[in-house]
Amino acid sequence: MAILEIKDLVVGYGAFPVLHGIDFVVEEGEVCVLLGLNGAGKTTTVTTIAGLLRPTSGQVLFEGSPLGRKPPSSRVKSGISLSPEGRRVFPRMTVGQNLKLGAWSQRRSPALVKRQMKLVLDYFPRLAEREHQIAGTLSGGEQQMLAVARAMMSNPKLLIIDEASLGLSPTLARVVWEATARIASDGTTVLMVEQNAGALPFADRALVMEKGTLIRTAVGEDVKNLDVRAAYLGA
Ligand SMILES: Nc1ncnc2c1ncn2[C@@H]1O[C@H](COP(=O)(O)OP(=O)(O)OP(=O)(O)O)[C@@H](O)[C@H]1O
Ligand SMILES: [Mg+2]
């Protein structure tokens with residue numbers, strides 16, 4: 001079953017169109033990677049799914065129902081969580097406090113928050129060792145892990161990660177991708193925005209975006225054979 005369905009989505013900033021009618025699905029339980037060069041429209045796509053941007057036309061369906069004008073907070077409650085571009089952690093708060101804020105939508109269920117905290121610290125052991133450290137003093141890679149972990153705190157059905165690997169060493173990028181693969185195998189569907197084709201071995205589905213349109217889609221075995229360079233060049 002498709003957990004997410006995007007239908008003829010057109011999004012722009014003011015009168016400036018950025019997405020020119022894109023269509024794709026993400027099946028429940030899979031890892032989907034959305035690739036594309038700078039300015040292709042990846043962040044525009046995922047912020048629209050999270051409800052932070054309103055489409056000009058087209059639809060976003062989650063679990064079969066159109067999200068329409070549902071605000072971001074109720075999308076989080078429905079099970080959509082976004083780890084935004086650029087490691088936006090709260091720098092003056094501790095790792096633990098950052099994580100608790102990620103569970104804001106569940107704040108009335110302390111037992112649930114505690115369970116989720118245990119789970120995300122298990123996904124990211126490096127954060128477990130640093131639970132009381134001030135987030136602004138974490139390394140770049142650790143802050144990226146914290147941003148992903150915080151997004152997981154709302155116990156989402158769909159976790160969207162916008163460029164987790166940006167600025168990370170190849171080793172640390174792998175650590176983050178491996179954690180997302182584990183998250184997916186535990187039942188949370190993952191949609192990852194990436195510029196780094198190194199994420200492809202972790203993907204069940206790959207989409208390539210160029211200038212606001214999708215130019216390639218690969219599923220299953222075909223993901224391995226995706227010629228990213230050709231795709232990027234539109235060849
Ligand atoms: N707030 C905004 N106002 C006007 N134009 C914007 C705004 N945000 C993005 N754009 C434009 O929309 C286009 C797509 O941007 P977007 O951020 O979606 O790309 P991206 O694929 O995420 O790129 P990157 O890999 O660099 O993050 C770009 O041409 C960008 O300049
Ligand atoms: Mg972006």
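Just so you know, these numbers use all the heavy atoms, side chains as well, and skip hydrogens, waters and symmetry mates. First listed ligand is number 1; within each ligand, the first listed atom is number 1.
No N or O atom of V18 sits closer than 3.5 Å to an N or O atom of ligand 1. Remark: ligand 1 and G36 share no N or O pair separated by less than 3.5 Å (distance only, no angle test).
Contact atoms of ligand 1 toward T43: 17 (O), 18 (O), 20 (P), 22 (O), 27 (O) (distance under 4.0 Å to a heavy atom of the residue). Of all the atoms in ligand 1, the ones that sit under 4.0 Å from a non-hydrogen atom of E163 are 24 (P), 25 (O), 27 (O).
At the shortest separation from atom 2 (C) of ligand 1 among protein heavy atoms lies Y13 CD2, 3.3 Å. When only non-hydrogen protein atoms are considered, atom 18 (O) of ligand 1 lies nearest to T44 OG1, 2.5 Å.
Under a 4.0 Å N-O distance rule, the pair R182/D122 qualifies as a salt bridge. The existence of a salt bridge linking R126 and E129 is excluded, since no basic side-chain nitrogen approaches an acidic carboxylate oxygen closer than 4.0 Å.
Distances from the Mg ion (ligand 2) show that E85 has an N/O/S atom below 2.8 Å. The Mg ion (ligand 2) has an N, O or S atom of T43 inside 2.8 Å of it.
Put simply, atom 14 (C) of ligand 1 has protein non-hydrogen atoms near it, under 4.0 Å away. The presence of a protein heavy atom under 4.0 Å from atom 25 (O) of ligand 1 is confirmed.
By the criterion of a heavy-atom distance under 4.0 Å, neither the backbone nor the side chain of M209 is placed next to ligand 1.
For atom 23 (O) of ligand 1, the nearest non-hydrogen atom from the set P17, G212, G39 belongs to G39.
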